[in-house]
Amino acid sequence: MTLLNIHKDRVGAFLFLVFSIAYGIATFNIELMFYAEEEAFTARTLPFALSVGGIVASMAMLILPPVSNSEGKDFSFSGALKGLEWKKVGLLAVTMILYGLTIKIIGFILSTMIFLMAGFWILGERRVKYLVLISVPLVLAFWAIMTKLLEVYLAPGSLFYFLGVVK
Amino acid sequence: MIDGILSGLSTVMMPLNLLLVFIGCFAGTFIGMLPGLGPISAIALMIPITYGFDPSSGLILMAGVYYGAIFGGSTSSILINAPGVAGTVATAFDGYPLAKKGFPGKALAMAAYCSFSGGTIAAIFLLVAAPALATVSLSFQSSDYFALMVLGLTAVSAFAGRGGFLKAILMTLFGLMLATIGTDRSAGIQRFTFGRMDLVDGISFLLLAMATFALSEALMSVLKKDEIPDELKKATAKKIGSLKVSKAEIKEVAPTVARSSVLGFFVGVLPGAGATLASFLAYGMERNLANDKRKKEFGKGSLRGLAAPETANNAACTGSFVPLLTLGIPGSGTTAVMLGALISYGIQPGPRLFIDRPEVFWSVIISMYVGNIILLILNLPLIPYIARLLAVPKQFLVPIVLFFSLIGVYLVSFNTFDIQMMVFMAAIALLLRLLDFPMAPMLLGFILGGMMEDNLRRALAISDGSISFLWERPITLIILIITVLTLLSPLRSFFSKTRPSK
């Protein structure tokens, strides 16, 4: 039996067990004040209790038979991951990370336009006209509402300061 | 009380607030209509906008979004059999068959009238129940609050159903664990920050709500191939038909509406139960009460079958404000998001809210009436046009939702680390959703975590470090006994019905 054939409830329980143990170990790294020994409740108390609770609940889920077992339905971990659009979601995640990395460098307007166009493209839109006609007005309208109406300052991007375009 | 009602009324009737209720209802209807995006996402997406307003206006907007989202969920349930919200799943049982018979307009209008009636009747109950409970809860102490929070968190898990009980418990614990990240409020000690300055203040609730709901729901809709073709959405959006409902039909559903309103409100008040349970219970109750002839109509386009869940889910939404406004304890994921928003405005909901900020307390209650009226007189005629938005292709909608989620969080902190953190949290949420773990208990645990720890610490300090506070105060003891009973009921069912897997 491989990991992929295991019931997905058990995989979830196992992940929680590992997380709860790691969390529990990390609680010992919480530094305490010198007078903490005399206190009934310290910064470690609740995290430690939560870790124990997590270990007990995930162990119970691992040991007890899974409840979702309808006839003819696939409840395996591989079944939960099969036939999904992983590539598109992966690309969207990378795009979001890049958006986060570039927003301060090239500014809100440019980075958001690129982000939206990339998103539309990843999800199957190939017509350049639509890519531009939806993203550009949307971003400009949002920018205008934020800066002019709500008076939220959106910096132009450090690259433009570096190039001397904005002073 | 009359002074309070008048002050709430004057706050709600301010032009800006009326506009906000309208915008909230409209935006909520649209977002709720999109399959996959629920009221939690709708409200979370609105929070960054509300930071610019005073707390009353912000809450009024969010309350409008809440009703709008539930109403929007009904629309997609009826038109394309794709509930945008769990609370409207039962609406599709008879709403969709009625639409298929050629009466989508009638089904939508009936849903709107029932939502209005349910919401309005429940708002009257709220008007009476909330101040009464707020007065009683003034005598509550830290130990009682601690016990109440434990009850709230346990009840969410208990109502998760047989299969979901342990999963909900684990998700609640996960939320509580996430809440411990950052600086311990009492001792000033950093916990689980791993030396990162970005984590010193902990994870913001807005970030968590956006990442685990709006962002992950949008990504989930990409991950799972769309079961409803765009052509069907376009075709359905064009043919709404007449919105007229006859007097005889109104007479037929009137008793159903009355019963479901009462049931919905009380189920909504229970922590953890919420609109979904209320709608299913009301549907089941009406089917059981119907005579044999009427019973056969259920599932085939029965008006009563449509009216019951629609009334109950709106009444439950209103009912869920009772524990939030009076005890400061949210009973559902949606009210948990609202609690988070209130705290970020610097307002602590609870019995003191009724005394210290009566304008906030009453304006929310009054805004419920206004919201229901706006849904009926403005949203209903607009439904044929709003429904056309369903035809907007997913390739445009999803990136726009992702953008609003990311920028909503970024504009609060201007910290790009938050965007990376959101993607990370959304990835975890996506995996957990695929493994059928519920998200709402996690959010509830996260929001209540800090308060629960503070109250426990205070209760222990008052009782000199002894846990005797658990049984010394009668209120604490009673709440804890209810907690244990709540916990035992699904456990008993779990152990008695569990069968080994093949």
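Here the structure is a predicted model, which means the values were calculated and not measured. A, B, ... follow the sequence lines: proteins, then strands. Residue 1 opens every chain.
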| field | Gap between atom CG of L406(B) and atom OH of Y99(A) - 0.5 Å precision | value |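 Rounded to the nearest 0.5 Å, the OH-CG separation comes to 7.0 Å.
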| field | Euclidean distance, T42(A) OG1 relative to D184(B) CG, rounded to 0.5 Å | value | 8.5 Å
| task | Output the residues of residues 49-58 of chain A for which the shortest heavy-atom distance to chain B is under 4.5 Å, in residue-number order; output 'none' if no such residue exists. | result |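 Residues of residues 49-58 of chain A touching chain B at under 4.5 Å: L50(A), S51(A), G53(A), G54(A), A57(A), S58(A).
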| query | Can you pull out the residues in residues 125-133 of chain A with any heavy atom less than 4.5 Å from chain B? | reply |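 Result: E125(A), Y130(A).
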With a 4.5 angstrom heavy-atom cut-off, which part of [X] approaches chain A: side chain, backbone, both or neither?
X       : value
I189(B) : side chain
F403(B) : both
I419(B) : side chain
L170(B) : both
L431(B) : side chain
V423(B) : side chain
L460(B) : side chain
F53(B)  : neither

| query | Hey, does I407(B) have a side-chain heavy atom less than 4.5 Å from the side chain of F108(A)? | reply | yes
| said: Can you confirm whether I400(B) sits close enough to F120(A) that some side-chain heavy atom of one is under 4.5 Å from a side-chain heavy atom of the other? | reply: yes
| request: Classify the angle between the aromatic ring planes of F16(A) and F437(B) as parallel (below 30°), tilted (30 to 60°) or perpendicular (above 60°). | output: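 Tilted, since the angle between the ring planes falls between 30° and 60°.
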| Closest-packed option against chain B by number of heavy-atom pairs under 4.5 Å, given L154(A), L15(A), V89(A), I122(A) | V89(A)
| Are the side chain of K104(A) and the backbone of F414(B) linked by a donor-acceptor contact shorter than 3.5 Å? |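 Side chain of K104(A) to backbone of F414(B), a donor-acceptor pair under 3.5 Å: yes, one is there.
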| request: For R191(B) and A43(A), indicate whether the former's side chain and the latter's backbone hold a donor-acceptor pair under 3.5 Å. | output: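 Looks like yes, one N/O pair under 3.5 Å.
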